[in-house]
Each structure stands twice: as C-alpha cells, then as structure tokens.
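Input: a single structure, listed below in structure tokens.
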There are 2 protein chains.
Amino acid sequence: MVTLKDIAHEAGVSVMTVSNVINGNLSKVSKEKAEQIQKIIEERKYVPNSSARSLAKSNSRIIALILRGEQNENTLQSAHNATLVGTIIQKVQSLGYYIMINIFKSQQDISQSLRTWSVEGAILLGMFDDEIENIYRVNDVPMVFVDSYSKVRQLSNVGIDDYKGGQLAAQYLIDHGHRKMAFVGPPTTHNGVIRHRFSGFCDTLKKNGLSLNPKHQFVLESDVQPEVIIETGKRIASLGKQITAAFVTSDQIASYLIHGLRTSDMRVPEDFSIIGFDDLMIGTQMTPQLTTIAQNLDKKANLSVEILFRQLQSPNSPAESLVLDVELKERESVATIFPEK
Amino acid sequence: MVTLKDIAHEAGVSVMTVSNVINGNLSKVSKEKAEQIQKIIEERKYVPNSSARSLAKSNSRIIALILRGEQNENTLQSAHNATLVGTIIQKVQSLGYYIMINIFKSQQDISQSLRTWSVEGAILLGMFDDEIENIYRVNDVPMVFVDSYSKVRQLSNVGIDDYKGGQLAAQYLIDHGHRKMAFVGPPTTHNGVIRHRFSGFCDTLKKNGLSLNPKHQFVLESDVQPEVIIETGKRIASLGKQITAAFVTSDQIASYLIHGLRTSDMRVPEDFSIIGFDDLMIGTQMTPQLTTIAQNLDKKANLSVEILFRQLQSPNSPAESLVLDVELKERESVATIFPEK
DNA sequence: CTGAAAGCGCTTACAG
DNA sequence: CTGAAAGCGCTTACAG
C-alpha cells in the first residue's frame, strides 16, 4: 500500500507538503513542487486512506442513507423507494461523498452506525414520528428526513402535500359521480404520509356531505406483497355495487388491486374506478392507464441531498422543511357514473 | 465522544483490557472485570471508532456493493436490480458488516473507493467482460460478481442459466405454433446475460429449422425508459402478421411492450404472444399474466453474499462459480396458433 | 514556502 | 490476567 510517507520520500519533501497538495492547499506549496508531487501521486496510484483522514480530522465524507426495514420485507421492492434511493446515491456521489446504506431494524443500529463511522450527515426515508424524536435526540449529525411528519420543530424534511393529494382524489371521484368509495392502503395509525392522504380524502368527502364507511377502509399490512393486495381486490369485488371507486395510496398497490379485481371479473374502470398515488412509470404501462396523484420523485430526492449539503456547509444554517406540490394526472382508470338517488 | 481511554479510566484498567473485552477476547480478562467493563460501556453508550480500528488492523467490516450506472439512468428503476440490492444489503447487515454502495461511472472510481476505505470485499452487479478484467486485476479484495460472463478464470460469480432461458423460450413458442418471432431487449454486443439469452433463443430456432430475421431483433438502448419500449411495441404492431411472438429479455420490458402493442390495438395474446424473463411480481399483476422464464432473485442475492463471506473467512478458498437454474412459468401471454403453411 | 512533532482512537506484539 | 509502548496513515497547529 502506497502511503503519504512513500510519496513524500520519493518527492524529497515532508509528508505535510504532500498532504497540502492532496487537499488543495496550494497556497502553501510552490507551484513546481505541487506539480511534481501531483505527478508522483498519479504514477504511484496513491489513494489516501480515508480511515486515517477521518481519524485525524473528524470528517469522513460519508453520508448515511437510512431506510425503514419492514419486518421481513424488501423495502426496495417498492418502486417509490428504489427510485428515491437510486437518485440520492447518484447525487451524493456526484458531490464526492460516499454512501453507507442502512436498512435499519432498531433505532440503536442507527446511532451505532452513524457514530462508529463518524458519518457527516444522514438522509432518512419514511420514518415515523416516535422514531424521529429518538433518532433526532440521540444523534447530532445533520439529518434530512424524507416524507416524515413530526412534532419535532426545526427538523429538515422534504415531503409532499399528502393531504392535498387526498383532497384531489376525493374531489375528482366526487366530480365523476362517485358517492360510495373505499380507501386502500397501509394502516393510518402512524402520523405519516398515509394518514395525511387519508385525512385529506375523508375531509373532502365530509365537506361534500359524504363519508367513508369504516368497513370500506381496507388496511394492508404489507404494501409490497402482491398476495395480500390481490386478496383485497377480490374482497372489494365481492362487495358488488356497495362501492364504486377506491383511492389507493400508491400506484404499485393500485396495479395489484386491479389485478385482483379482474380476477373476480370486475373491470376497471367500467365496473370500478381506481385512483392511485405517486405517478410511477407502472401507471402508464398498464391498461387502463392509471389516473393518479403525481409527485416528483427526482425532485424530492435531489432536494433532500441539497438541503443536507447546505447543513454540512454551514452547520448552524436553519432547518429547512419543503413541501412539494402534487397534481392529479387524469388517465383512464376512473369512469364517470350517474349515481342512483 | 466517549473513547476507549475514557472507559478504561472509569474502570480503572488499561485501554487494552477494555479493547479485549470489546473484541471478545475474554480469555485474556478476568470474568469480574469483563462484566464491570461491559456495564460501563453500556452506561456510557460507548461506540468504538471504526476508522481508528480500521486503521490499526486492516479490517474495516465494509462491503462494497457496486452497480453499473448506465448513462443518465437510474439503475434502481430496474425492479430486478432493486430487489437484488435490497436483499444483499439486508443479508450483509445481518452478518454485522456495513454496506457502502456505489453506482459507478468509471472503473477508476471503483478502485478508488475500495482502497480508500480498505473495503474487505465487494459484490458487483452486471459488469461486462472488459470491465471485469480491469477491475479484477487492479483490486485485490475478494470479489463476487453477479450475472457476469468473463474470460477470467477463477472468478467468483453467481449467475443463472441464461442460455437455457433462451432455449426454453424458443422451444415454448415453437411448441405453440409460432414460426416467425422477434427478440426484444438491450444490445447483444456485450458478452453478458442478454447475449446468452439471445444465443439460446437463436440456436433453438435453428435446431428447429427456423431463424431470427435480423430485422426482428429489436435493440433497446435503454431498458428502463418506458417511451423507447412503448415505441418499439408500436413498431412491432405495425408489422402486422409478419411476426406472431416475441421473446423479451425482462418482465419489466415486456410490460411496457405490451402497453405499446395495445396502444396500437394489438391484443396479447390473441394477436401477439409475449414471453418474458425474471418472473418479477409485475408479471402476475398484469393482465394477461405474463408467461416468463423464472429465476430466483433472493437465492441469487443470498448466495453471492455467502460466497463472499466464505472468501473473507479463508482468503485462499477457491473461487466459486454458481449457475442457478431457470424454469418456464406458463401463464397467459402466449397463445397457441396454427401456422399457415 | 517548508518541516518536525503531536495527536486522532484504536490494536498488537511484547513484558511482566 | 494486566499494562506500557509503538504504530496504523493521516492532519493540524506551531516554528522557522
């Protein structure tokens, strides 16, 4: 392994001169020496030892990317998460930082891995309020949350207007004549995106003199396992005309659901209307194409990185909380019906 | 920050005694002391500094996970890759190691990040032959490739029987009366999985007195961008009865393709048959359900980690190359036709 | 502009 | 069973 010392020796200078060249402190080194040293570094293919550097300064150039790991599921099966992760990784790398990725089981794990590597900052996807409080209190690196709702003030978060998403969905269905609707998605017990979409949906129903029959809230314990969702589709189909439409919390779920409905000979949108969430690619590739509440994933990913780096640059810059807009994309999965009176 | 020294001081012992307790060298420490020290460690929430440890031993407990980064695409948009990555991360973490993830642009980047962090081992997804040679020569950590074909002997690789997959697809289509077929997928120019699926497909056609008209090999420059694929679907539709079926190199591509075909009023399987590859969840959720060549992604992911750890344990254990089987899953996207003579 | 020295937090022979 | 000391490869004041 080639070290600073080797380079210094070969160049006939001290290690600290080499160190200065590597770190771009060129004001402290004469031009000729700098160039000569640079040449040797390249020839010898010298790669600085990050552990040593990290130990000497407290500056690891590592960003942690932390995901919630549902019980025994693969979080990256969710196209939403996978897309986000992919974009974040690329962005962080392009800024010259390293990514340590962490699918966490317990909160202890998080602090452990943040601290053991002197991680400089962290991006956390989809945490819940109770978790956030702990994580936030225990760790003191800059953190940016994505899609989190929390009582903690001063939290940097990038999210979307989930409530409005729910509103748009409800209004759209109502405008198309639907009166008896269902809500399909993960539990609304946590103070998270799902709950807010749910609230927006229910509130809008109420405002229009309607309401969601609790029986028609279909709670999915898993949002990536097809069987469960397909089963739900069949259950909905068995309800016949009791409900005519559903707001589904993700396009991915919606696509499975539609499959379940079809298996029970219920056609979308002729017999049953569906409105999704996310605007994933899958929504345009299915038949019918999915009407959905669209969000901009790339923007969400990139902004979270940008905010984090702003905090890294100036440690006491204020927490930033961004709420991105959502919009309804009208496609083919919702039919206009004429409610019987 | 709590350090070894702090703990040692508080316990009234030397740092090396504490170090031994932490590393489980209990043979060298009396039981009472060990317990007392353990208690202090927990109370003070001591977390060892991995950089320091990594510097002292050459043992970082970091595994690099390296993905090919196509031009300006998000590799994790591929459900195949995302699933693999998710499973690998969880497995590696469960073994007490850290994952540094790397979507690489150039080969230099790889060695750079492997070396700067004294990474202990690497798992590389979907590399091509020419890249492998370089990567392999320059870096001397244990590496396991996934889905790679290479002239390099002694390479640890976990792959599937892509050739057989192509054969199965061709044979199945032939058995169902198809004579004029298409191949749809990324370029077959690299010595990679696609080429082997292609070969198996073509060879089987030949064996049956058929052949693939070069015009009917549809090459996709991007395998995750819907537009390109949907466009291809339309092109195929415009060919009318010139071809009756296509072997598509992934379920994800197949799903877009079907959409493109439908847009041009071509129904699957009534007017055109499709056989996919991978057996992703998406294949069961679409209508028609996709007939496909199935592989076991979880097994592929887990085995790659297991092999890597075997190499970590005993550095001169032989390279292992595993080829997992594939099988045809018959579903609904292929119709039986009666070829005109 | 350049260098000698101390120190970051750990581990590893080596003594006792 | 326990400890003092050197060393891993770097950076950072501090002198010159």
Side-chain angles (χ1 to χ4, degrees), chain A residues 1-38 40-41 44-62 96 98 112-120, chain B residues 1-38 40-41 44-62 96 98 112-120:
Chain A
M1 186 188 208
V2 187
T3 69
L4 253 198
K5 215 198 259 175
D6 299 332
I7 304 291
H9 189 253
E10 193 165 332
V13 298
S14 74
V15 291
M16 82 139 296
T17 303
V18 182
S19 174
N20 279 328
V21 172
I22 288 167
N23 293 302
N25 298 333
L26 295 180
S27 61
K28 300 191 174 172
V29 186
S30 72
K31 213 169 180 184
E32 309 87 70
K33 279 218 166 137
E35 276 165 11
Q36 182 211 352
I37 291 170
Q38 196 63 53
I40 298 177
I41 288 175
R44 305 288 312 267
K45 299 209 173 106
Y46 168 67
V47 176
N49 181 326
S50 285
S51 288
R53 169 187 281 169
S54 168
L55 185 60
K57 328 208 240 174
S58 275
N59 166 333
S60 62
R61 300 200 141 250
I62 297 178
Y98 302 91
Q112 212 278 337
S113 65
L114 289 183
R115 291 169 59 195
T116 199
W117 285 109
S118 318
V119 163
E120 287 195 50
Chain B
M1 185 190 208
V2 187
T3 69
L4 253 197
K5 215 198 258 176
D6 300 332
I7 304 291
H9 190 251
E10 193 166 332
V13 297
S14 74
V15 290
M16 81 139 296
T17 303
V18 181
S19 175
N20 279 327
V21 171
I22 287 168
N23 293 302
N25 299 333
L26 296 179
S27 61
K28 301 190 174 174
V29 186
S30 72
K31 212 168 180 184
E32 308 88 68
K33 280 220 164 134
E35 277 166 9
Q36 182 210 352
I37 291 170
Q38 195 63 52
I40 297 177
I41 288 175
R44 304 289 313 268
K45 299 210 172 104
Y46 168 68
V47 175
N49 182 326
S50 285
S51 288
R53 170 187 282 170
S54 168
L55 185 59
K57 327 208 241 174
S58 273
N59 165 332
S60 62
R61 298 200 141 250
I62 297 178
Y98 303 92
Q112 213 279 337
S113 67
L114 288 183
R115 290 170 59 195
T116 197
W117 285 109
S118 319
V119 164
E120 288 193 49

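Here is how names work: the chains are called A, B, and so on, in the same order as the sequence lines, proteins then strands, and each is numbered from 1.
- W117(A) has its side chain within reach of W117(B): a pair of non-hydrogen atoms, C-beta onward, lies under 4.5 Å apart.
- For the pair K33(B) and dC1(D), the criterion of a side-chain N or O lying under 4.0 Å from OP1 or OP2 is not met.
- The backbone N or O of G96(B) sits less than 3.5 Å from a side-chain atom of R61(B), completing a donor-acceptor pair.
- Counted by atom type alone, S14(B) and T17(B) present one or more donor-acceptor pairs between their side chains at under 3.5 Å.
- The closest side-chain donor-acceptor pair between S60(B) and S54(B), if any, does not fall under 3.5 angstrom.
- Two residues are said to be in side-chain contact when any heavy atoms from C-beta on lie closer than 4.5 Å; T116(B) and Y98(A) meet this criterion.
- Stems are defined here as 3 or more consecutive Watson-Crick or G-U wobble pairs with pairing distances under 3.5 Å; those involving DNA chain C are C:1-3 with D:14-16, C:5-12 with D:5-12, C:14-16 with D:1-3.
- No side-chain heavy atom of V2(A) sits less than 4.5 Å from a side-chain heavy atom of E10(A).
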Quiz prompt | Per-nucleotide protein contact string for nucleotides 6-13 of chain D (B base, S sugar-phosphate only, - none; heavy atom under 4.0 Å) | solution = -BBBBBBB
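- Between M1(B) and N49(B) there is a side-chain heavy-atom pair separated by less than 4.5 Å.
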Self-check item: Stepwise side-chain contact (heavy atoms from CB on, under 4.5 Å) check, N20(B) with M16(B)
Solution: CA-CA 6 Å; N20(B) 279 327; M16(B) 81 139 296; 2.8 Å; yes
